[in-house]
Amino acid sequence: MEKAIIGLAAAICVAAGCITGKYEGKVAIAAVESIGKNPDAAPQIRSMAILGAAISETCAIYCLLIALLLLFAYKI
């Protein structure tokens, strides 16, 4: 029973990482559309999109790290 709960927790962490990737893609889409509408603002839009992607990517990395720690620490 304990291993099942740990496995479920790891699966939730991986799902959180996938959700982060989905919304990171939405940020990229919005940045490309904004650059298409206003090409003069491309440097500012690009820098904000990269900063937003980097911040959200850290969440995905932490989720993956927690999932791996749960799986390998408890030897599931």
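These figures come from a predicted structure and were not determined experimentally.
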Got a second to check how far [X]'s [atom1] is from [Y]'s [atom2], nearest 0.5 Å?
X	Y	atom1	atom2	result
C13	L8	SG	CG	10.0 Å
I50	E57	CD1	CD	13.0 Å
S56	I61	OG	CD1	9.5 Å
I19	E24	CD1	CD	13.5 Å
N38	I45	CG	CD1	6.0 Å

query: F72 and side chain to side chain contact (heavy atoms under 4.5 Å, CB included): which partner among L69, L68, L70?
result: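 Result: among L69, L68, L70, L68 is the only option passing the side chain to side chain contact (heavy atoms under 4.5 Å, CB included) with F72.
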task: Answer with yes or no whether the hydrophobic clustering places V14 together with I66; edges join I, L, V, M, F, W, Y residues whose side-chain heavy atoms lie under 4.5 Å apart.
output: no
- request: Might you point out which heavy atoms bring K3 and Y74 nearest each other, and give the distance in Å?
  value: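 Answer, listing the atom of K3 first, then Y74: CE-O, 4.3 Å.
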field: Heavy-atom pair of closest approach, residues A31 and A49
entry: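 Result for this residue pair: CB-CB, 3.7 Å.
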